[in-house]
Amino acid sequence: MTDEKIIRELYETLENRRDHPIDSYTSNIMKNSSKTAEDKILEKIGEETAEVLIASKNQDNLIHESTDLIFHILLLLVYKEITLDELLDEFQTRMK
Ligand SMILES: N=c1c2ncn([C@@H]3O[C@H](COP(=O)(O)OP(=O)(O)OP(=O)(O)O)[C@@H](O)[C@H]3O)c2ncn1[C@@H]1O[C@H](COP(=O)(O)O)[C@@H](O)[C@H]1O
């Protein structure tokens with residue numbers, strides 16, 4: 001699958017990991033522990049943002065680092081129970 005449907009499939013997987021936790025990276029990060037789940041996800045977004053800046057300046061790994069950042073933003077939205085359709089609707093309202 002190499003079209004935009006992969007984002008919807010990923011989103012559904014993340015919602016499933018949130019609602020039916022297993023022992024996996026995304027389920028574990030969305031669980032509460034000593035740090036709240038939200039703080040852990042926000043910390044990852046901060047790290048991945050810095051990695052995108054460095055990758056862009058170094059002309060290296062920009063796709064890989066951007067994917068990590070986008071992935072963690074999607075994870076935050078799923079954790080906050082925002083649906084993919086709400087995100088897409090927001091983009092739609094900006095279409096000219
Ligand atoms: N797309 C991703 C995805 N992208 C990044 N990551 C994880 O996010 C973390 C990124 O953190 P780091 O950058 O610190 O990790 P890293 O490996 O050192 O990365 P780099 O330094 O190389 O950039 C790693 O542990 C990655 O495994 C992801 N983990 C899961 N998914 C997808 O999410 C879905 C659910 O995943 P699980 O919960 O693992 O089943 C599956 O469809 C997966 O394909």
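Atoms within a ligand are numbered from 1 in the order they appear, just like the ligands themselves. These values consider heavy atoms only, across backbone and side chains, with no hydrogens, waters or symmetry-generated copies.
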Residues lining ligand 1 [heavy-atom distance under 4.0 Å, listed by chain and residue number]: Leu10, Thr13, Leu14, Arg17, Ser24, Tyr25, Thr26, Lys44, Glu48, Glu51, His64, Glu65, Asp68, Phe71, His72
Using a strict 4.0 Å threshold on nitrogen-to-oxygen distance, state whether Asp85 and Arg8 make a salt bridge. yes
Side chain to side chain donor-acceptor pair (under 3.5 Å) contacts touching residues 41-54 (sequence neighbours left out): Lys35-Glu43, Lys44-Glu47
Could you go through residues 68-82 and list every donor-acceptor pair under 3.5 Å that involves a side-chain atom there, pairing it with any protein atom two or more places apart or in another chain?
unit_1, atom_1, unit_2, atom_2, d
His72, ND1, Asp68, O, 2.8
His72, NE2, Tyr25, OH, 2.7
Lys80, NZ, Glu38, OE1, 3.3
Lys80, NZ, Glu38, OE2, 3.1

With sequence neighbours left out, what residues match Phe91 under ring pair (Phe, Tyr, Trp, His ring centres under 6.0 Å)? none
Considering residues, nucleotides and ligands other than Ile22, do more than 12 of their heavy atoms fall under 6.0 Å from its CD1? yes
From CG (Asn58) to CD (Glu65), nearest 0.5 Å: 10.5 Å
